[in-house]
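Notes follow the structure.
Index from 1, following the sequence. Predicted, not measured: the structure shown is a model, and the values here were computed from it.
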Amino acid sequence: MSDDSKAEILAKALGGNEEPAAALYARFLDVVNHAPVIIFALDRDGVFTLAEGRSLVQRGFPTQIIGRCIFDIYPPNHAILSNFRRALAGESFTDTVEVDSLFFETWYAPIASEQGGVLGVATDVTDRRQMQATLLAAERMVAVGTIAASVAHEINNPLSYVVACLDLLVREGTVLPELARAVAERHPDDADVAKIHQLLAKMVEPFEHIQDGVERMRLIAGDLRTFARADGREQAPVDVRAVLQSAIRMSSNETRYKATVKSELDEVPWVLANEPRLAQVFLNLLVNAAQAFPDDASPETSEILVAARIDDEGRIVVEVRDNGPGITAAVLPRIFEPFFTTKPVGVGTGLGLSVCRNIVESYGGEISVTSVVGQGTSFLVVLPRARQVSRSAPPPSSRRRDSSMPPSGNRPRVLVIDDDSALRNSFRLTLAHEFAVSVVGCGADALELL
């Protein structure tokens, strides 16, 4: 169909216009070719008499649909056909329709002329729909994180006294097998004594395994509390190696079945950062590395390396490198763009790496990526060192008590204040072999005792 014929149809659809048809059509094209819309018109039989708009080309629709019938083009799409019939019956309305996984907010209206028909304007809202879905997913993740932090906080106390009691059982339990062995040596012919000796000898190892498992649970709970803490922007000196070890533990559920995670963490200076947000960066890089491997990947051949070192300028360099399939040259320049993702729907939001870049840059650092298809991908996070932070002494939490202190009648005294009775008792049991322990449930009782 010629442009003059299209212009005449447009003029009739718009109710007539004194402006020359060619000029009117040129102005119309200029508008629709710069907007994410499709303007269309159909006659009474559903045959397209007009179809123009930038979205036709952008979304890959055939531009030569004028003269074709809507019932032939969209026979399975009942929503579109139903909307055409509603508009043909004289109703003006707006509806959102889906066409080949694309969404169009479409306005329909009957053509007020003798020929009749339907006029419509379809606005492409696919990107808006995807952004809304991404934001909803992000809100769900925030809710899950809040719940996880709450659960981690609630189980921290019972875990603490379970750990303390297990520590006591393991420490004191080693005496029982030795005692049973001595008794068995004195009564070699007593079958009951021999049986008790064998039973007690087997008890120590299970307690040690239970202790290891509960300690892992305690570390996971602590990692969740650290990661899901209120995302305040407060910055403080942070031990990069401790954050990396925490991120490796938190990502183990994603990595353990696909790849072997190796770490090469040199002694590096601390950085000035917000610990939960820095953990978010490293956790995201580790999860991305794991998800890059195919579903049938094996930990025997797949590897993720986490390394920390100091560069020539004294900055801290953290590398997360995998030997996965790599990233193509077409995708690589876009991976830090917001909402860009190559993952299937429901797996990725396209925000992870963009957020990582913003966090790293807010600390005066930089993040970069290199990749070779078929060989793997490497992410580098470079951060400036924190000033006036000494590593000569470990943090208080890492100092271990002197277990060689012998009990005596003049032992140092310790006062434990905690409103959880089980936790108070676990502290008392743990400390009693070195200290004279008093436990109270509140500050008022502590003052009275003092």
Side-chain angles (χ1 to χ4, degrees), residues 215-216 218-220 222-229 231-252 254-256 259-290 292 303-324 335-336 352-371 376-400:
E215 178 64 15
R216 285 186 61 190
R218 188 185 66 81
L219 290 173
I220 291 170
D223 292 336
L224 282 174
R225 293 176 66 194
T226 297
F227 183 71
R229 210 159 47 216
D231 84 325
R233 301 300 191 262
E234 298 84 2
Q235 297 182 15
V238 174
D239 185 351
V240 174
R241 295 200 309 169
V243 175
L244 283 170
Q245 290 165 349
S246 174
I248 290 171
R249 289 194 298 267
M250 284 192 288
S251 63
S252 62
E254 287 282 347
T255 59
R256 71 176 67 179
T260 299
V261 179
K262 298 182 178 180
S263 58
E264 297 177 0
L265 307 180
D266 297 344
E267 286 280 349
V268 295
W270 290 21
V271 301
L272 192 64
N274 179 269
E275 185 176 347
R277 287 167 62 80
L278 190 60
Q280 180 181 354
V281 173
F282 299 144
L283 179 62
N284 193 284
L285 295 180
L286 283 164
V287 171
N288 279 357
E303 180 179 303
I304 300 173
L305 174 66
V306 182
R309 59 182 183 272
I310 306 174
D311 67 6
D312 296 337
E313 300 178 21
R315 300 177 301 175
I316 295 87
V317 179
V318 175
E319 180 180 16
V320 179
R321 184 174 73 237
D322 65 72
N323 63 348
I335 61 172
F336 292 110
L353 289 176
S354 173
V355 170
C356 288
R357 181 181 61 181
N358 292 340
I359 292 173
V360 171
E361 291 180 350
S362 71
Y363 301 144
E366 56 189 51
I367 182 171
S368 60
V369 59
T370 57
S371 185
T377 302
S378 173
F379 282 88
L380 286 182
V381 176
V382 182
L383 295 166
R385 64 194 302 166
R387 302 299 179 189
Q388 299 177 345
V389 177
S390 172
R391 296 207 60 170
S392 58
S397 60
S398 66
R399 295 176 186 154
R400 302 185 66 87

Is any side-chain N of the basic residue among Arg241 and Glu267 closer than 4.0 Å to the acidic one's carboxylate O?
->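 Looking at Arg241 and Glu267, the cut-off is met.
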
Take Ile304 and Thr260, measure what side chain to side chain contact (heavy atoms under 4.5 Å, CB included) needs, and give me the verdict at the end.
-> CA-CA 6 Å; Ile304 300 173; Thr260 299; over 6 Å; no

Contacts of type side chain to side chain contact (heavy atoms under 4.5 Å, CB included), residue Leu272, not counting sequence neighbours |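 Partners of Leu272 under the side chain to side chain contact (heavy atoms under 4.5 Å, CB included) test: Gln235, Pro237, Ala386.
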
Sequence-distant partners of Glu254, side chain to side chain contact (heavy atoms under 4.5 Å, CB included), two or more places apart =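 Counting only residues at least two positions away or on another chain, Glu254 forms a side chain to side chain contact (heavy atoms under 4.5 Å, CB included) with Val287, Ala290, Gln291.
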
Kindly say whether Val271 contributes a backbone atom to a donor-acceptor pair with the side chain of Tyr363 at under 3.5 angstrom?
->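 Between the backbone of Val271 and the side chain of Tyr363 there is no qualifying donor-acceptor contact (under 3.5 Å).
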
Distance-only, no hydrogens or angles: does the Ser246 side chain make a donor-acceptor pair with backbone N or O of Ala242 under 3.5 Å?
->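 It does not hold such a pair.
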
With sequence neighbours left out, write down each residue that passes salt bridge (Lys or Arg N to Asp or Glu O under 4.0 Å) with Asp311, or none if nothing qualifies.
->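 With sequence neighbours excluded, Asp311 shows a salt bridge (Lys or Arg N to Asp or Glu O under 4.0 Å) to Arg315, given in chain and number order.
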
Applying side chain to side chain contact (heavy atoms under 4.5 Å, CB included) between Val369 and each of Val320, Leu285, Ile335, Leu353, report the one that passes.
->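 That would be Ile335.
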
Test item: [X] and [Y] side chains (from C-beta on) under 4.5 Å apart, heavy atoms:
X	Y	value
Ile359	Leu278	no
Ile248	Ser252	no
Phe282	Val318	yes
Glu303	Lys262	yes
Trp270	Asp239	yes

Can you give me every donor-acceptor pair (side chain of residues 376-385, partner residue at least two apart or in another chain, under 3.5 Å) with its distance?
residue : atom : partner : partner atom : Å
Thr377  : OG1  : Ser371  : OG           : 2.9
Ser378  : OG   : Glu319  : OE2          : 2.7

So with a 6.0 Å cut-off around CZ of Arg357, is the heavy-atom count from everything else above 12?
->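 Above 12, so yes.
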
Provide the closest heavy-atom pair for [X] versus [Y] in the form atom of the first, atom of the second, distance.
X	Y	result
Val268	Ala308	CG1-C, 4.1 Å
Ala247	Ala279	CB-O, 4.4 Å
Val306	Leu265	O-CD2, 3.8 Å
Cys356	Asn284	SG-CB, 3.7 Å

Distance, nearest 0.5 Å, that separates CD of Gln245 from CE of Met250 |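 Gln245 CD to Met250 CE: 12.0 Å, rounded to 0.5 Å.
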
